[in-house]
Amino acid sequence: MTKRVLFIGLGVMGLPMARNLAAAGVCDLVVHDVDPARAQELSVPAGDPRTEAAQADVLLLMVPSSDIVESLLLGDGLLDRLQPGAIVLDMSSSRPASTVELAKRAAGRGVRFVDAPVSGGQARAVTGELSIMVGGDADAVEQVRPLLEAMGTTIQLTGPAGSGHALKALNNLLSAIGLAGAAEVLTTGTRFGLDPKIMLDVINSSTGRNHATQVKYEPYVLSGTFDSGFALSLMVKDLRTALQIAEDTGTPTPVARAVVDAAAQALDDTPEPGADHTVLARWIAAKAGVDLAESAGRATAP
């Protein structure tokens, strides 16, 4: 039987994900976003969530935060409108503790809860090559697997509900550490007289390379565009979630805490609304009076 899916959240990531889901033809898709114009970009019907939830086999959420997930499910009453046997598929980057509690409440109504946050950024959302971390009951996960396969190429079951969101936050923490560490290294080298572009080329063929140096620095930092498609504010949210996990588990995280503090300060100091998370590299370099984009191709070591 073709599942009826209500997809809520057509932002930078959600819109291409919904487009790929529609193109795959694996479900009967209805969409909703707070901005009605976004739904018009898709060749599928838009609907009122409170009406559509009662008919949905799967309620798929791709929204900015746990607060919005809770508001939709509890405040707007969508959880109460779902029929027993339905599945909530939360692909947002949510707080694991909130997910665990929502999963318990859903179970009390006979509704299953799967958390399936994604990694790969806007580019892989467009190509349908996302990495998806999936927490939840194995049978419920299998029920939504065709949907996940339409949006991603790596689908990994991580454990019970909440585990996917925990792993996503920790992954983003490690990603931020790599971004910040590379910014300090490139800034130091630039002040010494090295060309940051040459440094980046060498690092990417050496042991210091990481995802940020390989994927983010040349197109978004050295270019001066800072437009990877992932907001600094959302990164800071995820980093604080990861720190909370560390605190809850009694894990000392001196390196991570320093990076989170730096990212939060960069957010406070950055005037552009919706600034990209790669602005963190610009902020770190500026503290040393360096503009990595301007320095690329110009510096010469003494």
Side-chain angles (χ1 to χ4, degrees), residues 1-11 13-36 38-94 98-99 101-118 125 128 130 132 134-152 155 161-162 164-165:
M1 180 181 71
T2 301
K3 292 186 179 300
R4 186 170 181 84
V5 176
L6 171 59
F7 191 123
I8 299 179
L10 303 174
M13 297 290 288
L15 183 61
M17 289 167 62
R19 184 175 285 116
N20 287 333
L21 193 55
V26 294
C27 65
D28 180 10
L29 184 63
V30 179
V31 300
H32 174 79
D33 191 88
V34 291
D35 180 358
R38 293 175 181 169
Q40 294 175 7
E41 297 186 39
L42 298 170
S43 57
V44 297
D48 178 85
R50 287 167 294 186
T51 300
E52 294 295 335
Q55 305 173 55
D57 299 301
V58 178
L59 171 59
L60 194 162
L61 305 175
M62 189 59 185
V63 296
S65 69
S66 281
D67 290 342
I68 298 175
V69 171
E70 292 172 1
S71 177
L72 288 166
L73 292 179
L74 305 180
D76 292 348
L78 298 190
L79 180 58
D80 288 339
R81 294 174 183 270
L82 292 170
Q83 298 298 315
I87 299 173
V88 175
L89 177 58
D90 183 12
M91 302 190 75
S92 319
S93 294
S94 300
S98 173
T99 301
E101 181 58 32
L102 288 172
K104 291 178 181 177
R105 296 185 68 155
R109 286 191 42 77
V111 172
R112 293 169 291 178
F113 201 106
V114 174
D115 55 310
V118 304
L130 291 167
I132 307 178
V134 192
D137 173 77
D139 179 67
V141 172
E142 288 307 307
Q143 291 290 315
V144 298
R145 184 175 290 276
L147 309 180
L148 301 177
E149 289 176 343
M151 297 177 281
I155 299 165
H165 283 147

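Predicted model only: the values in this text are computed from it and were never measured. The analysis underlying the following values was restricted to heavy atoms, covering all of them including side chains, and did not include hydrogens, waters or symmetry mates.
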Inter-residue atom distance [X].[atom1] - [Y].[atom2], 0.5 Å rounding:
X	Y	atom1	atom2	result
Q143	L89	CD	CG	12.0 Å
L74	R105	CG	CZ	4.5 Å
S98	H165	OG	NE2	9.0 Å
T51	R81	OG1	CZ	7.0 Å
F7	R19	CZ	CZ	11.0 Å
L148	M91	CG	CE	5.5 Å

Can you tell if the side chain of [X] reaches within under 4.5 Å of the side chain of [Y], non-hydrogen atoms only?
X	Y	value
M62	M17	yes
M151	L60	yes
V26	L21	yes

If you measure from the Lys or Arg side-chain nitrogens to the Asp or Glu carboxylate oxygens, is any gap between E41 and R38 under 4.0 Å? no
Tell me, with the steps shown, if C27 and L147 meet side chain to side chain contact (heavy atoms under 4.5 Å, CB included). CA-CA 8 Å; C27 65; L147 309 180; 3.9 Å; yes
Could you tell me which non-hydrogen atom of [X] sits nearest to which non-hydrogen atom of [Y], and how far apart they are?
X	Y	result
T99	A161	CG2-C, 4.3 Å
V44	A22	CG1-CB, 3.7 Å
S92	P117	O-CB, 3.6 Å
A56	A86	O-CB, 3.8 Å
L61	L72	CD2-CD1, 4.0 Å
I8	P49	CD1-CB, 4.0 Å

Kindly say whether [Y] contributes a backbone atom to a donor-acceptor pair with the side chain of [X] at under 3.5 angstrom?
X	Y	value
R112	G85	yes
D33	D35	yes
D76	R50	no
D115	G162	yes

Which of these, L79, L59, L102, sits in a side chain to side chain contact (heavy atoms under 4.5 Å, CB included) with V111? L79
Contacts of R109 that satisfy salt bridge (charged side-chain N to carboxylate O under 4.0 Å, His left out) - sequence neighbours left out: D80
List the steps, then state whether side chain to side chain contact (heavy atoms under 4.5 Å, CB included) holds for L42 with L29. CA-CA 10 Å; L42 298 170; L29 184 63; 5.7 Å; no
Test side chain to side chain donor-acceptor pair (under 3.5 Å) applied to D67 - qualifying residues, sequence neighbours left out: R95
Trace of the side chain to side chain contact (heavy atoms under 4.5 Å, CB included) decision for K3 with V144: CA-CA 9 Å; K3 292 186 179 300; V144 298; 5.8 Å; no
Which is it for R145 and V134 under the side chain to side chain contact (heavy atoms under 4.5 Å, CB included) test, yes or no, and what are the steps along the way? CA-CA 10 Å; R145 184 175 290 276; V134 192; over 6 Å; no
